[in-house]
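Report on the following structure.
Letters A, B, ... are given to chains in the order of the sequence lines, protein chains preceding strands, and every chain is numbered from 1.
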There are 2 protein chains.
Amino acid sequence: MASITDGRTTGTRQRILYEASNLFAARGYHATTTREIADAVGIRQPSLFHHFRSKGEILQVLLTSDLDRSVALVESAASSPGPAADRLYDFLVADVELVCGSPYNLSGVYTDEVTADPDFQPWVEKNRRFEDAIEKMVRDGIDAGEFRRVDAAFVRDAVEGILLRALMSYSGGRAAPTNLAHDVATFVLRALLVDPAAMPSRSSDG
Amino acid sequence: MASITDGRTTGTRQRILYEASNLFAARGYHATTTREIADAVGIRQPSLFHHFRSKGEILQVLLTSDLDRSVALVESAASSPGPAADRLYDFLVADVELVCGSPYNLSGVYTDEVTADPDFQPWVEKNRRFEDAIEKMVRDGIDAGEFRRVDAAFVRDAVEGILLRALMSYSGGRAAPTNLAHDVATFVLRALLVDPAAMPSRSSDG
DNA sequence: GTCTATAATTGGATAGAC
DNA sequence: GTCTATCCAATTATAGAC
């Protein structure tokens, strides 16, 4: 399961990403200094610039490492055949497992101070695709009569809020409750389903 | 309804709080400079220190202005008599209306870079009370047979995630969808209720 | 690949005039 | 209550030795 390399034990580049992610979470991206990152890694401040061109490049790598996978997951789920309830449930399980399995603490990455920065514009486009795919699944479910007639944009925000909370609490190697992924999926589906008895109770690992 | 003063139009102190909240949201607290705040207000940087002892005091006031009200709301709901479903529903409506009605953009206030800072330790204690009260209402509902046998700690996190998302999107005078508060309450209650027909459909303004 | 040294800028906060 | 002037510490990034 933990196929992603552990940021603490690999080469210097991985150590920089790992320590930087923790500092971005604790201090914010803009306020985290390259000296603090270097100190945490155990090298001198100028040595960072052998591995990354700038502080911004460190953040870009962290950003991409998580968001690219999440977008792939959600767009696959949104464009697959089958009931929206099943697709949304499976996506939620997979995405919670993804963010909880990230070796990096992504709390400092998904904040306005990063996402509003013109330097990280590619993020905005990818995140819009992420949001659009969630909203599409919700509308699919409503159109098919599986889901209540909710405001799809509101549900998309609620889902993002729940996923973001999981990311803030459990990304970066912090142990998550074993049932978290299924709890998230069940919570959201229960809120949406017209008939709660139609709850998908699949387990991909069964 | 909008009984809280508008940060743009009142005295210098209120203007500082208003502009600072927007900058904390856009750049993060630690990275926002006192010069940026002063420029936004239209005064010189040292003039800030006539109104606030330090940059940290500005944040403390923002922190307290929102959290004190939210804690009062949730603790009142948690200790009131009556069905947990009704209490939780009414609290969610009131809290969403509270954060959406805040004159300050609180996105930069409820982040790890602030809440993990030793300077703002009082926040931690108040937020724990906020979380405990939510968790208590969930357990009340489970014990009374109103709610499914969910993990109360998970539900507390999910609710916080949804409320935080509303705060990030709509605090600071940004117009929120008219039905947001009831959508939030209905979403959460639907996820929890054993019998969806028991949904509280109260409106305090009816 | 890491180091020392340093350039060029910007940070929070104070002193004291008006 | 706002201003000018200023202190001292800390910032990102580069140059060049080893």
Side-chain angles (χ1 to χ4, degrees), chain A residues 5 7-63 108-109 111-114 116-121, chain B residues 5 7-63 108-109 111 113-114 116-121 123:
Chain A
T5 53
R8 282 162 305 198
T9 54
T10 331
T12 304
R13 189 185 157 89
Q14 292 301 321
R15 301 265 328 279
I16 291 171
L17 289 168
Y18 174 76
E19 300 293 350
S21 78
N22 283 323
L23 286 163
F24 292 163
R27 290 271 308 167
Y29 163 71
H30 289 107
T32 297
T33 70
T34 52
R35 224 174 286 271
E36 288 171 319
I37 300 172
D39 285 352
V41 173
I43 58 177
R44 299 293 178 178
Q45 181 259 344
S47 302
L48 282 182
F49 293 83
H50 177 79
H51 301 275
F52 297 93
R53 254 192 293 245
S54 67
K55 192 174 90 169
E57 198 183 64
I58 299 174
L59 186 74
Q60 268 186 19
V61 172
L62 291 174
L63 214 51
V109 169
T111 60
D112 282 353
E113 74 158 311
V114 167
D117 191 317
D119 289 356
F120 307 111
Q121 196 60 21
Chain B
T5 53
R8 282 161 306 198
T9 53
T10 334
T12 304
R13 187 186 160 90
Q14 293 300 321
R15 303 264 327 278
I16 292 170
L17 289 169
Y18 174 77
E19 300 294 349
S21 77
N22 284 323
L23 287 162
F24 293 162
R27 292 268 310 165
Y29 163 71
H30 289 107
T32 298
T33 71
T34 53
R35 275 180 181 81
E36 289 173 317
I37 300 172
D39 284 352
V41 172
I43 58 177
R44 302 291 179 180
Q45 181 257 349
S47 302
L48 283 181
F49 294 83
H50 176 78
H51 301 275
F52 297 93
R53 254 192 294 244
S54 66
K55 192 175 88 167
E57 198 183 66
I58 298 175
L59 185 74
Q60 268 186 19
V61 171
L62 292 174
L63 213 52
V109 169
T111 60
E113 75 159 311
V114 167
D117 192 317
D119 289 356
F120 308 111
Q121 195 59 23
W123 183 92

Give the rounded distance in Å between these two atoms: CZ of B:R15 and P of D:dT2.
10 Å

Backbone N or O of B:G108 within a donor-acceptor pair of the A:E113 side chain at under 3.5 Å?
no

Donor-acceptor contact present, side-chain A:E57 to main-chain A:R53, <3.5 Å:
yes

Spacing of A:E57 atom CD relative to D:dA13 atom P, expressed in whole Å
11 Å

Respond yes when some side-chain nitrogen or oxygen of B:T12 is under 4.0 Å from OP1 or OP2 of D:dT2, and no when none is.
yes

Of C:dT2, D:dT2, C:dA13, the nucleotide closest to the side chain of B:H51 is D:dT2

Atom pair distance, as rounded to whole Å: OH in B:Y29 and C1' in C:dG11
13 Å

What is the separation between atom CG on B:D39 and atom C1' on C:dG11, rounded to the nearest whole Å?
14 Å

Between C:dG11 (C1') and B:E36 (CD): distance, integer Å:
11 Å

Out of D:dC3, C:dC3, D:dA13, whichever nucleotide has its closest atom nearest the side chain of B:S47
D:dC3

Winner on side-chain proximity to B:Q45, out of D:dA13, C:dA13, C:dC3, is C:dA13

Identify whether any heavy atom of B:T33 sits under 4.0 Å from a base atom; if not, whether one sits that close to sugar-phosphate; answer base, sugar-phosphate or nothing.
sugar-phosphate

Among D:dA15, C:dT2, C:dA15, the one nearest A:P46 by side-chain distance
D:dA15

Output the rounded distance in Å from CZ (A:F49) to P (D:dA13).
4 Å

Please tell me which of B:R44 and A:G56 maps to the more 5' nucleotide of DNA chain D, matching each residue to the nucleotide holding its nearest heavy atom.
B:R44

Could you state the interatomic distance from CG (B:D39) to OG1 (B:T34), rounded to the nearest 0.5 Å?
9.5 Å

Below the 4.0 Å mark, does C:dT10 have OP1 or OP2 next to a side-chain nitrogen or oxygen of B:R35?
no

Between C:dG11 atom C1' and B:K55 atom NZ, what is the distance in whole Å?
9 Å

Rounded distance (Å) that lies between atom P of C:dG1 and atom CD1 of A:I43:
11 Å

Between A:R13 and A:F52, what is the shortest heavy-atom contact and its length?
NH1-CE2, 3.5 Å

So, OP1 or OP2 of D:dT2: does either fall under 4.0 Å of a side-chain N or O from B:H50?
no

Rounded to the nearest 0.5 Å, what's the gap from CG on B:L48 to CZ on B:R35? Could you check?
10.5 Å

